[in-house]
Amino acid sequence: MSAEIEISGLSKVFGQGAGAFHALSGIDLTIETGEFFTLLGPSGCGKTTLLRMIAGFEQPTAGTLRINGEEVAGKGPNARPVNTVFQNYALFPHMSVRDNIGFGLKMLGRPRAEVAATVDEMLRLVRMEAMATRKPSELSGGQQQRVALARALAPRPRMLLLDEPLSALDLKLRKEMQSELKRLQIETGITFVFVTHDQEEALTMSDRIAVMNAGRILQLGTPHEIYNTPSDRFVAGFIGDTNVLSLAVASSGGDGVTLAVPGAGALPAASPAGLTLLVGQTVTAVVRPEQARLCPLAEADLTATLEQTVFFGTDTHLHLRLADGQGFILRRQNAADEVDPAPGDRLGLRLARGALRVLKD
């Protein structure tokens, strides 16, 4: 794969002096051609600012930004091979679906026959052929989003930038549109750069994810890498549910690291490469709720007291308290023949191999 976007030392500062706000600080990033790439983070982390800089709506304070090998700093949106889909789909209310999709092509002066053929192709792509003559007010939110996507794809940009386009949809429709977006990206082969604060959207659709906070990229990797090997406490807590524990190092050396677990002796833990740990040192370790299961007390890695159960339909969360008072959540799949334990019960927990992970400070 070749690089579609190359970013080096990119910074953005709004304002001056004591009141200056550093929205982005030293961003280094490469996005490959044909990739579904997601910028993920909480509100105010800088992800939309970064997207707007790629689009040309904001210009950098420092650093370089290349698209297809060409420096684009200083160039406006109309001089970049990108299209953007915003949270507000901004469809023309007086135009039909067909006319909305073809509007950009007409403004580019494309021949009438080409416009008609491209609109037909886009209607098929987003599965809106039967609604070509309807106005936006006659469409559902998901249908309006499909029209906005078709309009953005019609000029065949090298990249499509998507700024939280699913945030206004209800949960069921949002899940359906996640699959639709991924299908469109695969079928068109266009590079998608997607902004969201929703971890599930990012994990479901992305080839790679950049987790951002406070204007910086904290971790970059595939969904599996981000979820299974978080780089720090923020990433571990932001991506999925996790149990964050404070534990002491029981041993560290050639045989690996073990951590002292309350009421259970010591357990092996995965540790980041190059991290030096001292016996007795207190570290932060994480375990995903689905990486623990109930077992007989005699076979347990951990013992805990049940405080409450929370039913989620497909699974149940058991809220537990370890011997030293630290909280722990266990997630188990629901089955027809299973009976939930009662609050106050003492339970044994077995951890999956490699589930306990030490995080860098």
Side-chain angles (χ1 to χ4, degrees), residues 199-200 203 224-273 275-361:
Q199 54 181 273
E200 182 179 304
L203 294 172
H224 286 281
E225 290 167 345
I226 296 289
Y227 186 83
N228 292 320
T229 56
S231 61
D232 60 23
R233 184 166 182 161
F234 177 87
V235 176
F238 191 76
I239 306 294
D241 298 322
T242 195
N243 294 295
V244 181
L245 304 174
S246 236
L247 301 174
V249 176
S251 67
S252 178
D255 295 330
V257 177
T258 63
L259 302 180
V261 179
L267 291 177
S271 177
L275 183 63
T276 301
L277 298 174
L278 303 176
V279 173
Q281 175 185 352
T282 299
V283 297
T284 299
V286 292
V287 182
R288 296 290 186 185
E290 69 276 11
Q291 294 177 321
R293 61 177 177 84
L294 296 181
C295 71
L297 287 169
E299 302 171 7
D301 292 326
L302 292 166
T303 59
T305 302
L306 179 64
E307 294 191 328
Q308 65 169 327
T309 60
V310 182
F311 179 72
F312 282 90
T314 57
D315 53 41
T316 294
H317 289 193
L318 278 63
H319 291 249
L320 305 150
R321 189 68 57 185
L322 301 180
D324 65 349
Q326 296 190 76
F328 193 98
I329 296 175
L330 180 148
R331 180 190 298 139
R332 68 171 183 170
Q333 204 78 14
N334 288 328
D337 59 346
E338 280 189 331
V339 178
D340 288 334
D345 285 354
R346 187 165 172 262
L347 304 174
L349 313 180
R350 190 79 176 176
L351 303 186
R353 185 175 180 180
L356 190 62
R357 301 192 61 85
V358 177
L359 298 181
K360 292 180 179 179
D361 291 335

Quick one: does any side-chain atom of Ser271 pair with a main-chain N or O of Val358 as donor and acceptor, under 3.5 Å? no
Main chain of His319, side chain of Glu307: is a donor-acceptor contact present, judged purely on distance under 3.5 Å? no
Does CZ belonging to Arg346 count more than 12 external heavy atoms closer than 6.0 Å? no
What heavy-atom pair brings [X] and [Y] nearest, and what distance separates the two atoms?
{"X": "Leu359", "Y": "Leu275", "result": "O-CD2, 4.5 Å"}
{"X": "Ala236", "Y": "Val286", "result": "CB-CG1, 4.1 Å"}
{"X": "Ala250", "Y": "Ala260", "result": "CB-N, 3.9 Å"}
{"X": "Ser251", "Y": "Val279", "result": "CA-CG2, 4.0 Å"}

Begin from the C-alpha positions of Leu356 and Val287 and carry the test side chain to side chain contact (heavy atoms under 4.5 Å, CB included) through to its verdict. CA-CA 5 Å; Leu356 190 62; Val287 182; 3.3 Å; yes
For residues 278-289, the side chain to side chain donor-acceptor pair (under 3.5 Å) pairs (sequence neighbours left out) are none
Under the ring pair (Phe, Tyr, Trp, His ring centres under 6.0 Å) test, which residues partner Phe234, sequence neighbours left out? Phe238
Pair Leu294-Leu318, side chain to side chain contact (heavy atoms under 4.5 Å, CB included): steps then yes or no: CA-CA 10 Å; Leu294 296 181; Leu318 278 63; 4.0 Å; yes
Test item: Ile239 and Pro230 side chains (from C-beta on) under 4.5 Å apart, heavy atoms: no
Does Leu245 reach the side chain of Leu259, with side-chain heavy atoms less than 4.5 Å apart? no
Distance-only check: which donor-acceptor pairs under 3.5 Å involve side-chain atoms of residues 322-333, not counting sequence neighbours?
residue	atom	partner	partner atom	Å
Asp324	OD1	Gln326	N	3.2
Asp324	OD2	Gln326	NE2	2.8
Gln326	OE1	Ser246	N	2.9
Gln326	NE2	Ser246	O	3.0
Arg331	NE	His317	NE2	3.1
Arg331	NH1	Glu290	OE1	2.9
Arg331	NH2	Asp241	OD2	2.9
Arg332	NH2	Val339	O	3.3
Arg332	NH2	Asp340	OD1	2.8

With side chain to side chain contact (heavy atoms under 4.5 Å, CB included) as the test, would you mind laying out the steps for Ile226 and Val235 before giving the verdict? CA-CA 8 Å; Ile226 296 289; Val235 176; 4.2 Å; yes
Listed pairs under 3.5 Å, donor-acceptor, residues 296-304 side chains, sequence neighbours left out:
residue	atom	partner	partner atom	Å
Asp301	OD1	Arg350	NH1	3.4
Asp301	OD2	Leu351	N	2.9

Excluding sequence neighbours, so at least two apart, what forms salt bridge (Lys or Arg N to Asp or Glu O under 4.0 Å) with Arg293? none
If a pair satisfies ring-ring contact (aromatic ring centres under 6.0 Å, His included) and one of its residues is in residues 289-308, list it, with sequence neighbours excluded. none
